[in-house]
2 protein chains.
Amino acid sequence: MGRHREFDVEKALDAALCVFWRKGYEGSSYTDLTEAAGVERPALYSAFGNKEALFRLALARYSERFLHYIPEALQLPTARQVAAHILVNAVDLNTRYPDHTGCLGINGAVAGSDDAEPVRQALIDFRAAGQAQLRERFERAKTEGDLPETAKADALAAFVMALTHGMAVQAKAGFSREMLEAVVEQALSTWPTGRSTLSETSS
Amino acid sequence: MGRHREFDVEKALDAALCVFWRKGYEGSSYTDLTEAAGVERPALYSAFGNKEALFRLALARYSERFLHYIPEALQLPTARQVAAHILVNAVDLNTRYPDHTGCLGINGAVAGSDDAEPVRQALIDFRAAGQAQLRERFERAKTEGDLPETAKADALAAFVMALTHGMAVQAKAGFSREMLEAVVEQALSTWPTGRSTLSETSS
DNA sequence: TTTTTTTCATAATGACCGTTATTAAACCGG
DNA sequence: CCGGTTTAATAACGGTCATTATGAAAAAAA
């Protein structure tokens with residue numbers, strides 16, 4: 001019983017996501033969000049809660065809709081393929097939409113006021129979760145001989161993530177897809193090799 | 001003629017720099033800045049102009065006081081030493097001060113409101129200037145045989161800068177100096193070599 | 001000492017921030 | 001068709017934003 005919603009909650013969340021993606025958490029005003037969603041202010045509040053809750057929902061939606069390439073990558077057979085898949089798809093995502101370049105995990109908040117500290121920390125945790133998955137995958141690669149025993153899985157994971165973060169900054173600065181692809185190519189040329197990937201000489 | 005200034009302009013600028021470094025441009029309120037400088041609001045305005053002008057002065061001071069390692073690096077004999085010097089010193093700068101980790105060039109603004117667009121662009125130009133210097137240095141390295149003819153100077157420069165940007169994000173997220181040093185080691189592990197650096201076999 | 005000039009401190013400005021009362025409209029069950 | 005319930009729209013809330021008017025205090029020039 002009661003009146004129906006006259007707007008699509010999913011579409012409103014997508015619109016909010018795009019605003020946050022472009023302007024970050026603190027850079028996005030509630031006016032920006034309501035205008036993008038085509039919805040009055042109290043409607044957004046009743047549907048999602050306050051601005052912080054809306055951002056967290058947008059971040060979850062971002063992960064679901066745009067980061068599918070990460071679980072995809074983790075299932076590839078070699079560590080190098082995992083890294084390549086992540087880097088190549090990150091470049092694609094960072095440059096695919098001209099009106100919101102870069103990555104929400106970075107654009108959302110790097111530094112900010114004390115009020116934004118909970119959101120900043122949420123993004124830190126968000127990025128750390130991805131990095132931990134990558135580290136575990138590289139640990140496995142060591143046991144499988146796909147990475148040398150001397151490789152540091154945590155350093156490799158941090159290296160790949162540092163590149164994605166840095167390229168996200170560069171994409172937000174207007175770098176072309178081609179330039180970032182060249183960066184990825186450069187990064188992958190320094191990839192360590194294990195007993196089975198240097199050449200086709202092992203069993 | 002007239003009354004003397006009762007505060008040290010240089011110290012006030014340093015204080016403002018620290019605030020911007022920690023909270024970024026939009027995250028720093030004028031109240032934050034005046035409290036850190038120990039100076040009333042109109043005094044900051046009369047000394048530096050508005051917030052944007054103050055930020056630009058702080059950025060210039062940041063460059064002078066903390067980025068001396070970049071011109072230093074450019075004078076080193078090999079491209080690899082140039083890259084190593086930049087990356088190692090960037091890690092040091094990003095982790096040296098626990099209350100303002102990361103780098104002003106990134107923390108200052110990655111994304112933000114439309115009002116902050118001029119500052120965001122100024123930071124883009126600031127970073128681009130460093131990258132251009134690096135690219136030119138790598139071009140020279142190619143003519144000197146220090147980098148192979150096949151090396152792409154612009155991609156290498158963008159690669160090194162992407163790493164510094166990404167590590168700045170990670171430092172701001174609380175990454176330890178040791179972790180970032182391991183990232184640098186990974187990045188440098190297979191630097192491309194020219195005719196004189198692979199081993200000591202050339203003339 | 002008086003005048004002029006600059007800085008100082010207090011406090012006010014209008015605008016925008018995120019968040020909500022409030023009231024009218026729309027829907028469902030009875 | 002009417003009572004109960006949910007949403008919609010308008011407008012207001014206190015607080016903070018960057019910026020500045022104002023007048024007192026201080027120092028050099030006359």
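All values reported here derive from a predicted model rather than from experimental measurement.
Candidate nucleotides dA9(C), dA9(D), dG18(C) were compared by shortest atom distance to the side chain of Y30(A), and dG18(C) ranks first. Listed nucleotides: dA24(C), dT19(C), dA9(D). Nearest to the side chain of Y45(A): dT19(C). In this structure, of dT7(C), dA8(D), dC17(C), it is dC17(C) that holds the atom nearest to the side chain of S29(A).
The backbone N or O of Q81(B) lies less than 3.5 Å from no partner atom in the side chain of H85(B), so there is not a single donor-acceptor pair. Of the possible polar contacts, one joining the R127(B) side chain to the G105(B) backbone as a donor-acceptor pair under 3.5 Å is found. In this structure, T101(B) contributes its side chain and P98(B) its backbone to no donor-acceptor pair below 3.5 Å. A donor-acceptor pair under 3.5 Å is formed between the side chain of K142(B) and the backbone N or O of A151(B).
Summarising the geometry, the separation between CD on E40(B) and P on dA18(D) is reported as 16 Å, rounded to the nearest angstrom. As rounded to whole Å, 18 Å separates atom C1' of dT20(C) from atom CZ of F48(A). Spacing between atom CG of L44(B) and atom P of dA9(C) amounts to 12 Å, rounded to whole angstrom units. For E35(A) and dC16(C), the CD to C1' distance is 13 Å, given to the nearest whole Å. Look at CG on L54(A): it is 16 Å from C1' on dC17(C), rounded to the nearest Å. Between K23(A) atom NZ and dG18(C) atom P there is a gap of 11 Å when expressed in whole angstrom units. In this structure, the CG atom of D114(A) is 13 Å from the P atom of dT16(D), given to the nearest Å. With rounding to whole Å, L33(A) atom CG is found 12 Å from dC17(C) atom C1'.
In this structure, T31(B) reaches the dC17(D) phosphate: one of its side-chain N or O atoms is under 4.0 Å from OP1 or OP2. Phosphate contact (OP1/OP2 of dG18(C), side-chain N/O of N50(A), threshold under 4.0 Å): absent. Contact annotation: H4(A) reaches the phosphate of dC28(C) (side-chain N/O to OP1 or OP2, under 4.0 Å).
Judged by distance alone with a 3.5 Å cut-off, a donor-acceptor contact links the side chain of R41(B) to the base of dA18(D). At a cut-off of 3.5 angstrom, the base of dT6(C) holds no donor-acceptor pair with the side chain of R3(B).
Counting any heavy atom pair closer than 4.0 Å across all strands shown, T34(B) reaches no nucleic acid atom. As judged by a 4.0 angstrom heavy-atom cut-off over every strand, S113(B) is placed among residues making no nucleic acid contact.
Using cut-offs of 30° and 60° for the angle between ring planes, the H100(B) and W21(B) rings count as tilted.
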Original post:
Hey, mind stepping through S113(B) and E26(B) against side chain to side chain donor-acceptor pair (under 3.5 Å) and telling me if it holds?
Top reply: CA-CA 8 Å; S113(B) 77; E26(B) 287 196 299; 2.5 Å; yes
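Both tests do not hold together for K51(A) against Y30(A): distance to the six-membered ring centre under 6.0 Å, angle to the ring axis within 45°.
Position along DNA chain C of the nearest nucleotide to P42(A) versus D32(A) favours D32(A) as the more 5'-ward residue. Checking E6(B) against G49(B), the closest nucleotide of DNA chain D that is more toward the 5' end is the one next to G49(B).
Recorded end-axis angle for the helix from dT1(C)-dA30(D) to dC27(C)-dG4(D) stands at 10°, based on five pairs per end and rounded to 10 degrees.
Side-chain N/O atoms of R22(A) and S28(A) include no donor and acceptor closer than 3.5 Å.
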